[in-house]
Colleague: 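The following block contains the structure, expressed as structure tokens.
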There are 2 protein chains.
Amino acid sequence: MPEGDETPHPYFPRSLSLLGYKPNRVPLTELLGLFFGLVALALIGTWILAGRYKKGGADRVIICWFVACGFIHCVLEGYFAVNHKTLVGGGSYLAEMWKEYAHGDSRYLTSDSFVVCMETITALVDGPLSFAAAIAHLTGSRHRYPLQLIVSLCQLYGDTLYMCIEAKDGFIHGEFGHPLHFWFYFVFLNLFWIFVPLILIVQAYIALTVGTSRESTRGKKQK
Amino acid sequence: MPEGDETPHPYFPRSLSLLGYKPNRVPLTELLGLFFGLVALALIGTWILAGRYKKGGADRVIICWFVACGFIHCVLEGYFAVNHKTLVGGGSYLAEMWKEYAHGDSRYLTSDSFVVCMETITALVDGPLSFAAAIAHLTGSRHRYPLQLIVSLCQLYGDTLYMCIEAKDGFIHGEFGHPLHFWFYFVFLNLFWIFVPLILIVQAYIALTVGTSRESTRGKKQK
């Protein structure tokens, strides 16, 4: 159990000791609104930009996806990679976002070695490469599918490990079955980075093996 | 420290409790000889086979690499993925190989969650795909570079995480600086799966973007 002079915390396992913990001051709706609002802004801006490059619907969705990934990997996960040691007592918007997410996975507040290393790789590698993939799709560069394959495989590998390790540990770092903390934060948000990369890996693989010539012919016909 | 009625063990950290531990009976030279002998046999067999397909030197090396990876991932790492819980008391050749390697990293004897999940992915995904990449290179299939990129990226990601997590933990799971256990098992053998995949990722990336047409033209001229 947490020691007597510690601030009580809401995280799991309940016996977890979190020295220096400070509760969030920003309300939940404001935090979630800010996060999803900023993601939506990035998506809308990218959607409009991609339209100016005369990109079709599927291409625009892919470009938007990679821009959103780039922002989340570089800003949110980059912040975690740099500040994970002081996060538990942090009061910035980004620190409070992580303290909110940590209801679903307290490893983010204990500098868990796997989580820190995986998030650092995500911020340093997946983040910049996501932007590169977005630009490559925007300009129709021949780097687009190799980059899509690399970014999506890194995301799929990291996220699969992330979810499998927590499953092997018996989902002890969050309240199992909680609708918001377990199902939405831990399961839904993370499954997103399993299924979308899977689809993009298959698409890139097909384009790099059988589909490239046919696709480019179709592209020219559309123009 | 280990409890009184446990068999004393040679692993790190020295306080590690390993219930059911049985010391290896097969001598070190026999274990290493068997492992490197089998790898050498696979390499020689593949080298000869690749020669019959009239493959050049560089292609033969790549095919040999993927066959060796396939065997190591499927057999050695597959054995670990299935038997990690009973490894500490195991007496088979494969169990004793792991108990020998564990001198450099005791996480292999404690069913460490990250190591078990990473090794399971390696055995189930990297292993079969390594054989597929070898066959694709042998037959000159257009799947060869996409497969090479996928396998090498999985190996690079898994191994980078593996080494970084142990570094972040302060190399506590082996005797830091030990010439055989630390430098050869942990550093040298694992750096192999960092640098070779890195080179193969760069080669595959170039082939998939700028190099493909030039390479195939060169290949035809050589024939």
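Every chain is numbered from 1, with letters handed out A, B, ... down the list of sequences.
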Colleague: Would you give the length of the straight line joining atom CD of A:Q155 to atom OH of B:Y157, rounded to the nearest 0.5 angstrom?
Modeller: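 So the CD of A:Q155 and the OH of B:Y157 are separated by 9.0 Å.
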Colleague: Take atom CZ of B:F71 as the centre, draw a 6.0 Å sphere, and report whether it contains more than 12 heavy atoms from other residues, nucleotides or ligands.
Modeller: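 Incorrect, the count does not exceed 12.
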Colleague: Tell me, with the steps shown, if B:K168 and A:S111 meet side-chain contact (heavy atoms from CB on, under 4.5 Å).
Modeller: CA-CA 10 Å; B:K168 189 182 174 297; A:S111 292; 4.3 Å; yes
Colleague: In terms of heavy-atom contacts, does CZ of B:F192 have more than 12 from other residues, nucleotides or ligands at under 6.0 Å?
Modeller: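 Atom CZ in B:F192 is not packed in, count stays at 12 or less.
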Colleague: Please classify the contact of A:S141 with chain B as side chain, backbone, both or neither, using a heavy-atom distance under 4.5 Å.
Modeller: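 Neither; nothing under 4.5 Å.
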Colleague: Considering only heavy atoms and a distance below 4.5 Å, find which of B:A167, B:A204, B:C154 pairs most often with chain A.
Modeller: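 Max contact count across the listed options: B:C154.
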Colleague: Report the distance from atom CG of A:D112 to atom CD1 of B:I165, rounding to the nearest 0.5 Å.
Modeller: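 Between A:D112 CG and B:I165 CD1, I get 8.0 Å after rounding to 0.5 Å.
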Colleague: Nearest 0.5 angstrom please: A:L161 CG to B:L161 CG, how far?
Modeller: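 It is 6.5 Å, given to the nearest 0.5 Å.
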Colleague: For atom OH of B:Y53, is the number of surrounding heavy atoms from other residues, nucleotides or ligands below 6.0 Å larger than 12?
Modeller: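 No, the 6.0 Å shell around OH holds no more than 12 heavy atoms from other groups.
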Colleague: Return the CD1 to CD1 distance between A:I150 and B:I201, rounded to the nearest 0.5 Å.
Modeller: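 If we round to the nearest 0.5 Å, A:I150:CD1 and B:I201:CD1 are 7.0 Å apart.
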Colleague: Evaluate A:Y145 against B:L208 for side-chain contact (heavy atoms from CB on, under 4.5 Å), listing each step before the verdict.
Modeller: CA-CA 9 Å; A:Y145 288 118; B:L208 289 170; over 6 Å; no
Colleague: Within this structure, what is the CE-SG distance for the pair A:M163 and B:C117, rounded to the nearest 0.5 Å?
Modeller: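 A:M163 atom CE to B:C117 atom SG measures 12.0 Å (nearest 0.5 Å).
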Colleague: Distance from A:R142 atom CZ to B:T209 atom OG1, nearest 0.5 Å?
Modeller: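 Output value for this atom pair is 6.5 Å.
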Colleague: Under 4.5 Å from any heavy atom of chain B, what part of A:V116 do you find: side chain, backbone, both or neither?
Modeller: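 Just the side chain, heavy atoms under 4.5 Å.
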Colleague: Let's test your reading of the structure: which of B:T160, B:T120, B:V125, B:L147 forms the most heavy-atom pairs below 4.5 Å with chain A?
Modeller: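 So the answer, after comparing B:T160, B:T120, B:V125, B:L147, is B:L147.
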